[in-house]
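What follows is a short report on a single structure.
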Amino acid sequence: MAPKNVLITGCSSGIGLALAVKMASDEQKRFKVYATMRDLAKKDKLAEAAGSTMRNTLEIKQLDVCNEESIKKCISSIPGRIDILVSNAGMGLIGPIECQTIEEMQNVMDTNFFGLVRLLKEVLPDMKKRKSGHIVVISSVMGIQGILFNDVYAASKFAVEGFCESLAIQALKFKLHLTLIEPGPVVTEFERKVFEDGMKMDLSAADEETADMFVNIYLKNYKQIFQTLGQTAEDIAEHTVKIILAENPPFRHQTNTLYTPMTTLKYADPNGDLPIDTFYKMVFQHDKIFSASLNFIKLLRWKSRKSFDLGGTSSQ
């Protein structure tokens with residue numbers, strides 16, 4: 001059977017890089033991966049990780065999801081059809097909205113939401129014509145549940161989720177698969193850059209209480225949350241490949257079971273008050289309990305990994 005053509009965006013680091021390498025290294029050679037990135041000057045890390053798969057099952061191409069001509073040029077250079085599209089390129093933004101420019105917010109929406117739309121405008125017509133294809137979108141649990149000081153990023157992911165939920169009905173008619181991969185915290189360069197930008201943010205436009213909340217509550221707990229709940233890019237890549245290989249892939253897939261209780265709160269209360277009230281109490285009233293809970297989860301995770309390493313075989 002001929003390998004399936006896979007186009008992945010945002011492959012210079014993180015999830016995109018890990019997924020491109022994993023699919024290109026498939027022992028059964030089921031995929032021909034076209035790993036794309038906006039800036040080809042950043043391709044060395046991927047090329048090194050890809051190793052012998054380069055020019056065999058993996059090719060690196062330039063693609064900027066914010067530029068229609070770049071998308072058209074990349075897709076037209078790929079021989080044959082695109083069987084699997086993985087929309088992964090993204091941009092983060094944290095902090096009080098008073099301290100963010102409209103231009104910064106528009107850039108997030110342009111990359112995270114309209115970037116996906118531009119890709120689909122090029123890829124979808126041929127998939128519909130063939131009545132074959134799988135669209136995989138790297139979304140986020142923040143497309144389901146908003147988080148403090150992630151207002152604009154969550155808005156972009158909510159837009160992605162609503163867009164895909166609407167499109168899924170049409171996709172079903174054309175026998176296409178559409179899947180939203182929803183990670184929680186993932187420890188990548190993407191997240192490190194978001195944190196560093198938050199640390200350097202000019203907070204002079206915010207009131208004292210909001211600035212203090214961002215620095216001494218949000219940023220203070222940021223690293224601990226990622227160390228406790230965070231997955232690796234390789235974890236997300238493994239989940240994604242399993243979904244792609246599934247006979248009947250689901251519309252939504254959350255990769256982190258530790259985070260699932262948080263998103264479940266939203267579905268438990270149609271009024272929407274329960275998750276907001278819960279997060280409020282966790283942040284402002286029970287911060288010590290919250291920190292203790294994170295430490296407890298961290299201990300359980302460490303113990304389970306230790307016993308796994310000593311006694312069993314891991315699928316990761």
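Counting begins at 1 with the first residue of the sequence. All values reported here derive from a predicted model rather than from experimental measurement.
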Fit a plane to each ring of His239 and His253, take the angle between them on a 0 to 90° scale, and name the class: parallel (under 30°), tilted (30 to 60°) or perpendicular (over 60°).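 Judged by the thresholds at 30° and 60°, the geometry between His239 and His253 is tilted.
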Please report the C-alpha distance between Gln100 and Met201 in whole Å, then the side-chain angles of each, then the deciding distance to 0.1 Å, and finally whether the side chain to side chain contact (heavy atoms under 4.5 Å, CB included) criterion is met. CA-CA 9 Å; Gln100 299 166 351; Met201 178 174 278; 4.1 Å; yes
Within the 4.5 Å heavy-atom criterion, are [X] and [Y] side-chain neighbours or not?
| X | Y | answer |
| --- | --- | --- |
| Gln170 | Leu167 | yes |
| Phe114 | Cys66 | no |
| Tyr222 | Ile217 | no |
| Leu119 | Leu63 | yes |
| Leu124 | Ile135 | yes |
| Leu219 | Ile94 | yes |
| Ile243 | Pro250 | yes |
| Thr263 | Glu182 | no |

Rounded to the nearest 0.5 Å, how far does [atom2] of [Y] lie from [atom1] of [X]?
| X | Y | atom1 | atom2 | value |
| --- | --- | --- | --- | --- |
| Leu19 | Glu234 | CG | CD | 10.5 Å |
| Gln254 | Ile181 | CD | CD1 | 11.0 Å |
| Ser87 | Leu120 | OG | CG | 7.0 Å |
| Met23 | Tyr34 | CE | OH | 13.0 Å |
| Ile60 | Thr36 | CD1 | OG1 | 10.5 Å |
| Asp110 | Asn67 | CG | CG | 10.0 Å |

What heavy-atom pair brings [X] and [Y] nearest, and what distance separates the two atoms?
| X | Y | value |
| --- | --- | --- |
| Ala47 | Met54 | O-CG, 4.0 Å |
| Leu7 | Cys74 | CD1-SG, 4.3 Å |
| Phe149 | Phe214 | CE1-CA, 3.5 Å |
| His134 | Leu178 | CD2-N, 4.2 Å |
| Pro183 | Ile236 | CB-CD1, 3.8 Å |
| Glu104 | Cys99 | OE1-O, 4.3 Å |

Under a single-linkage definition using a 4.5 Å side-chain heavy-atom cutoff for Ile, Leu, Val, Met, Phe, Trp and Tyr, are [X] and [Y] assigned to the same hydrophobic cluster?
| X | Y | result |
| --- | --- | --- |
| Phe251 | Val241 | no |
| Leu17 | Val33 | yes |
| Leu180 | Val65 | yes |
| Ile97 | Val215 | no |
| Leu176 | Ile169 | no |

Is the NZ or CZ atom of Lys220 both under 6.0 Å from the centre of the six-membered ring of Tyr218 and within 45° of that ring's axis?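 Judged by the rule, Lys220 and Tyr218 form no cation-pi pair.
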Taking atom types as modelled, find out whether Ser70 and Gln62 have a side-chain donor-acceptor pair closer than 3.5 angstrom.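 Per modelled atom types, Ser70 and Gln62 side chains form a pair under 3.5 Å.
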Donor on one side chain, acceptor on other, Asn56 and Thr53, under 3.5 Å: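 Looking only at side-chain atoms, Thr53 and Asn56 do not form any donor-acceptor pair under 3.5 Å.
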List the steps and the verdict of side chain to side chain contact (heavy atoms under 4.5 Å, CB included) for Met37 and Leu46. CA-CA 10 Å; Met37 60 189 69; Leu46 172 58; 3.8 Å; yes
Charged N to carboxylate O under 4.0 angstrom, [X] versus [Y]?
| X | Y | answer |
| --- | --- | --- |
| Lys45 | Glu189 | yes |
| Lys242 | Glu238 | yes |
| Asp83 | Arg81 | yes |
| Asp64 | Arg118 | no |

Around atom NZ of Lys43, are there more than 12 heavy atoms from other residues, nucleotides or ligands closer than 6.0 Å?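 Counting neighbours around NZ of Lys43, 12 or fewer heavy atoms of other residues, nucleotides or ligands fall under 6.0 Å, so no.
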Are more than 12 heavy atoms from other residues, nucleotides or ligands located less than 6.0 Å from atom CD of Glu68?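 No, because the 6.0 Å sphere around CD of Glu68 holds 12 heavy atoms or fewer from other groups.
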With sequence neighbours left out, what residues match Lys72 under salt bridge (charged side-chain N to carboxylate O under 4.0 Å, His left out)?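 Lys72 satisfies salt bridge (charged side-chain N to carboxylate O under 4.0 Å, His left out) with Glu122 only.
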Could you give the side-chain donor-acceptor pairs of residues 153-161 under 3.5 Å, partners two or more places apart or in another chain?
from: Ser156; atom 1: OG; to: Asn112; atom 2: ND2; distance (Å): 3.0
from: Ser156; atom 1: OG; to: Tyr153; atom 2: O; distance (Å): 2.6
from: Lys157; atom 1: NZ; to: Ile138; atom 2: O; distance (Å): 3.1
from: Glu161; atom 1: OE1; to: Arg252; atom 2: NE; distance (Å): 2.8
from: Glu161; atom 1: OE1; to: Arg252; atom 2: NH2; distance (Å): 2.9
from: Glu161; atom 1: OE2; to: Ser139; atom 2: OG; distance (Å): 2.7

Before giving the answer on side chain to side chain contact (heavy atoms under 4.5 Å, CB included), spell out for Val123 and Ile75 the whole-Å C-alpha distance, their side-chain angles and the decisive distance to 0.1 Å. CA-CA 8 Å; Val123 173; Ile75 290 175; 3.7 Å; yes
Side chain to side chain donor-acceptor pair (under 3.5 Å) evaluation trace for Lys29 with Thr57: CA-CA 7 Å; Lys29 291 185 167 50; Thr57 54; over 6 Å; no
Short side-chain to backbone donor-acceptor contact, [X] and [Y], under 3.5 Å:
| X | Y | result |
| --- | --- | --- |
| Lys266 | Ile144 | yes |
| Gln145 | Pro275 | no |
| Gln231 | Val187 | no |
| Thr210 | Ala206 | no |
| Asp269 | Asp273 | yes |

Please collect all side-chain hydrogen bond (donor to acceptor under 3.5 Å, both in side chains) contacts where either partner lies in residues 4-14, sequence neighbours excluded, each pair once.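 Those involving residues 4-14 do not exist here.
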Between Lys121 and Ile71, is the side chain to side chain contact (heavy atoms under 4.5 Å, CB included) condition met? List the steps. CA-CA 10 Å; Lys121 280 174 69 67; Ile71 294 171; over 6 Å; no
Name the residue from Lys129, Lys128, Arg130 that meets the side chain to side chain donor-acceptor pair (under 3.5 Å) definition with Asp126.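 Testing Asp126 for a side chain to side chain donor-acceptor pair (under 3.5 Å) against Lys129, Lys128, Arg130 leaves exactly one candidate, Arg130.
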